Visitor: 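After the structure tokens below, expect a handful of questions from me.
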Amino acid sequence: MALNGTRFPGASRPGLQRRPRITVRPRTVEDVAAILVNPKAHPSPVRPIGADYSITRCANTDGGTALHLDAFDKILGYDEGCVRVQAGVRVAALVRALAERGLELPLTPEIGNMSVGALAVSTLPQPSYREDCAQMAACVTEIKLVTPQGRQITVTERDRDLMRVLRSSHGLLGVVHEVSLRVEPATPVKIEYRNHTFAEFAGRYARIVESPGALRFHVAPFSDRVTVERRLRDPDESVTRSGIWQIRQSVMRNVLPAFGSSIGSVLATPGLRSAVLTGVHRALHAAQPRAARGVVMYAHEWMRELPADPAKARHAYSLWAFPQADFPKLLEDYAAFCNAHQKRYRYRCNLVTVASRLHRDRSALFSPSHAGDRVTLEPSSPGDPGFEDFLIDFNEFASNAGGTPTLNQTRALTVEQLTRALGERARLFAALRRRTDPANRMRNSYFAQLLG
Ligand SMILES: Cc1cc2nc3c(=O)[nH]c(=O)nc-3n(C[C@H](O)[C@H](O)[C@H](O)COP(=O)(O)OP(=O)(O)OC[C@H]3O[C@@H](n4cnc5c(N)ncnc54)[C@H](O)[C@@H]3O)c2cc1C
């Protein structure tokens, strides 16, 4: 067994210390099972780690065992409408391999660093095109895992309830080693941008959300601006190679980061970080005429990669989801909240806040849009002092506004906020986790505090 054990590696990073006592990199499923059944050699909790980019303490090991899946890095095969992948494969690598075959996942995130194992069991909402497909885990059709007792099991979509639970299990119900995902023919996406004041946005909101396509909003709370990004899949749109190249250069490199589309875009583009901080609104206006014309590209072309060291990218954003119908009012309240926070604490959340429309999706127990259509709010920061405190207040604001958090993308979450949002679903999951892992082999202090 090639476990590459390391004692006391002292992984200490500000804010999110993973703190493993032992780090292991199993090569086979049998290795994984052997680790789980041997608490003496591999102390609890055993936490599966994919790419380790999560921004909460979900992957912390609290002096236990960090189980890295990076040796599970193969794309195993293509069956009808599906791809079979080992859990350590990065989404960017998978998306590129699919693109070479003229295929794509039903959803393509903007950041490709995450592992397929984490994709299957954590909450990664994306701008959605239709119901029941608003987060990455909805694309998963089959999961192979090793339970906390070292037993190998396979769960398919036929076992609907168990699949819903597993898609939200965050590595608490077992170590996933293989995943099957739905794939579709790659389809050109037309992307259009429209810039509005908050009042104009509110006036047009009903039409904006009723029209087809996936929606991403870029909100500038201090400038009274919302940019609506609409993504429309259209097999008849023609994409020329040179067109794509121009689009990549002009839109993905300049326009989207200028909108502050995601902190990942900013970090992935050298030099843009400070440009965004100082000139985001100027850039937004300058880029507008180009962006309004609309562009056509394949989804894999908007994918970016974060810095290779996860610790350098982890500071950076938080995510809540809110009822879609109330979103224009929520935006006004959010702008008032940002202004009040700045007046009181002299901290200005400088980057554009992004938001995604999520169709109702009940494919996972902790889906943020489980109860109906939702829109996220995702404040982000380049890691400046004051952001962590801002997020503590933002969490209160979000919880009072009926928001739903996530366990892997919402920073500084309290048990009260989680219970208020997930209530019965959290209780159900906690009861099932206790039955599945009575010895708490895989539970760390983060989940003990939030879920019991
Ligand atoms: C700056 C920044 C920008 C981002 N932007 C985006 C974005 O635009 N869109 C988006 O979707 N995401 C975005 N993310 C989110 C991020 O990509 C994911 O939350 C994260 O990468 C999850 O994948 P991972 O492999 O790093 O998971 P990890 O951090 O390794 O693990 C996440 C959770 O899954 C569990 N887990 C991992 N692997 C397994 C396994 N094999 N079996 C069982 N459990 C497992 C872990 O124990 C943990 O609880 C961003 C993150 C950062 C830091």
Side-chain angles (χ1 to χ4, degrees), residues 15-16 18 26 29 32 36 45-61 64-73 85-92 105 107-127 134-137 140 143-148 166-179 216 256 261-268 273 302-307 309-319 351 354 356 358 366 376 378 380-383 406-411 442-444 446-447 450:
L16 284 165
R18 300 301 191 209
V29 184
V32 174
L36 285 164
V46 178
R47 294 302 299 145
I49 313 276
D52 198 16
Y53 280 89
S54 290
I55 58 161
T56 72
R57 293 187 289 122
C58 62
N60 280 22
T61 38
T65 304
L67 190 156
H68 286 258
L69 272 300
D70 36 18
F72 289 75
D73 61 354
V85 192
Q86 286 190 310
V89 170
R90 301 297 180 90
V91 168
L105 298 170
L107 296 170
T108 302
E110 280 165 39
I111 299 295
N113 299 65
M114 67 277 274
S115 63
V116 168
L119 172 160
V121 299
S122 60
T123 308
L124 298 173
Q126 307 297 329
Q135 55 173 340
M136 294 309 297
V140 171
I143 293 178
K144 291 188 180 175
L145 75 160
V146 184
T147 67
L166 275 183
R167 287 185 183 127
S168 290
S169 58
H170 294 84
L172 293 167
L173 303 181
V175 178
V176 174
H177 61 89
E178 190 183 309
V179 178
R216 187 99 156 132
L256 283 186
S261 82
S262 78
I263 186 67
S265 311
V266 175
L267 289 172
R273 185 174 136 144
W302 66 56
M303 183 166 272
R304 325 199 58 72
E305 295 197 46
L306 295 168
D309 178 0
K312 294 210 171 111
R314 251 198 224 122
H315 40 268
Y317 70 98
S318 197
L319 183 154
L351 291 186
V354 293
S356 301
L358 314 176
F366 295 156
T376 64
E378 305 169 34
S380 56
S381 126
T406 69
L407 287 159
N408 56 310
Q409 296 202 74
T410 308
R411 298 284 291 262
M442 303 192 71
R443 185 187 66 165
N444 63 8
Y446 175 69
F447 288 111
L450 288 177

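Remember, it's 1-based here, ligands and their atoms both numbered in the order they're listed. Not measured: the values here are computed from a predicted model.
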Visitor: Closest by any non-hydrogen atom to atom 44 (N) of ligand 1: pick that one out of C58, A66, S356, G171.
Guide: G171
Visitor: At under 4.0 Å between heavy atoms, which part of F72 makes contact with ligand 1: side chain, backbone, both or neither?
Guide: neither
Visitor: Which residues pass the ring-ring contact (aromatic ring centres under 6.0 Å, His included) test with H170, sequence neighbours left out?
Guide: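 H170: ring-ring contact (aromatic ring centres under 6.0 Å, His included) contacts with F447.
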Visitor: What part of L145, side chain, backbone, both or neither, has a heavy atom within less than 4.0 angstrom of ligand 1?
Guide: neither
Visitor: So, taking the atom named NE2 in H68 and the one named OG in S115, what distance separates them when rounded to the nearest 0.5 Å?
Guide: 11.0 Å
Visitor: Check the side chains of S356 and R216 for a donor-acceptor pair under 3.5 angstrom, ignoring hydrogens and angles.
Guide: yes
Visitor: Using distance alone, determine whether R216 and ligand 1 share an N or O pair under 3.5 Å.
Guide: no
Visitor: If you measure from each non-hydrogen atom of N113 to ligand 1, which part falls under 4.0 Å: side chain, backbone, both or neither?
Guide: neither
Visitor: Any N or O of L69 that comes nearer than 3.5 Å to an N or O of ligand 1?
Guide: no
Visitor: With a cut-off of 4.0 Å, which atoms of ligand 1 are near a heavy atom of R47?
Guide: 47 (O), 49 (O)
Visitor: Do P48 and L69 touch side chain to side chain, with heavy atoms closer than 4.5 Å?
Guide: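 Side chain of P48 against side chain of L69, heavy atoms only: contact under 4.5 Å found.
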Visitor: Do S122 and ligand 1 have an N or O pair less than 3.5 Å apart?
Guide: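 N/O-N/O distance under 3.5 Å: no.
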Visitor: Any side-chain donor-acceptor pair under 3.5 Å between N113 and Y53?
Guide: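 Judged by distance alone, the side chains do pair up.
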Visitor: Would you say T61's side chain and T65's backbone share a donor-acceptor pair under 3.5 angstrom?
Guide: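 The answer is no, because no donor-acceptor pair under 3.5 Å joins these two groups.
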Visitor: When only distance counts, is V175 in polar contact with ligand 1, meaning an N/O pair under 3.5 Å?
Guide: no
Visitor: Does any non-hydrogen side-chain atom of L407 lie less than 4.5 Å from one of C58?
Guide: no
Visitor: How about Y317 and Q409: do any of their side-chain heavy atoms sit closer than 4.5 Å?
Guide: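 Y317 vs Q409: side chains touch.
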Visitor: Of L145, V146, V46, which meets side-chain contact (heavy atoms from CB on, under 4.5 Å) against V32?
Guide: V146
Visitor: Please could you name the atoms of ligand 1 that I49 approaches to less than 4.0 Å, counting only its heavy atoms?
Guide: 30 (O)
Visitor: List every atom of ligand 1 that sits less than 4.0 Å from any heavy atom of Y53, numbering the atoms from 1 in the order shown and giving each element.
Guide: 21 (O), 26 (O), 29 (O), 53 (C)
Visitor: Hey, which atoms in ligand 1 end up nearer than 4.0 Å to a heavy atom of I55?
Guide: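 What qualifies from ligand 1 is 53 (C).
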Visitor: Walk me through whether M114 and L124 qualify under side chain to side chain contact (heavy atoms under 4.5 Å, CB included).
Guide: CA-CA 10 Å; M114 67 277 274; L124 298 173; 3.9 Å; yes
Visitor: If the condition is salt bridge (charged side-chain N to carboxylate O under 4.0 Å, His left out), which residues does R167 pass it with, not counting sequence neighbours?
Guide: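 Salt bridge (charged side-chain N to carboxylate O under 4.0 Å, His left out) check on R167 returns E157.
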Visitor: N/O to N/O below 3.5 Å, does that happen between P48 and ligand 1?
Guide: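 Yes, at least one N or O pair falls under 3.5 Å.
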Visitor: Assess the residue pair T108 and M303 against the criterion (side chain to side chain contact (heavy atoms under 4.5 Å, CB included)); give the C-alpha distance rounded to whole Å, side-chain angles, the decisive distance to 0.1 Å, and a yes or no.
Guide: CA-CA 8 Å; T108 302; M303 183 166 272; 3.9 Å; yes
Visitor: Which of the numbered atoms in ligand 1 are below 4.0 angstrom from a heavy atom of Q409?
Guide: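 Answer for ligand 1: 12 (N), 13 (C), 14 (N), 15 (C).
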Visitor: Can you figure out which of M114, E178, R304 has its heavy atom closest to atom 10 (C) of ligand 1?
Guide: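 The option holding the nearest heavy atom is M114.
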Visitor: So do the side chains of N444 and R57 get within less than 4.5 Å of each other, counting heavy atoms only?
Guide: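 Not touching, per the 4.5 Å side-chain cut-off.
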Visitor: Taking both backbone and side-chain atoms of S54, is any N or O found less than 3.5 Å from an N or O belonging to ligand 1?
Guide: yes
Visitor: Report the member of G117, S380, G174 with the shortest heavy-atom distance to atom 43 (C) of ligand 1.
Guide: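 Nearest option to atom 43 (C) of ligand 1, by heavy atoms: G174.
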Visitor: Answer side chain, backbone, both or neither: which part of V176 comes under 4.0 Å from ligand 1, heavy atoms only.
Guide: both
Visitor: Measuring from atom 9 (N) of ligand 1, which candidate in Q126, Q135, R57, H68 has the nearest non-hydrogen atom?
Guide: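 Minimum heavy-atom distance to atom 9 (N) of ligand 1 goes to Q126.
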Visitor: Under 4.0 Å, heavy-atom basis, I'd like to know which part of H177 is in contact with ligand 1: side chain, backbone, both or neither.
Guide: neither
Visitor: With a heavy-atom distance limit of 4.0 Å, tell me whether A87 approaches ligand 1 through its side chain, its backbone, both, or neither.
Guide: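 For A87, the contact with ligand 1 is made by the side chain alone.
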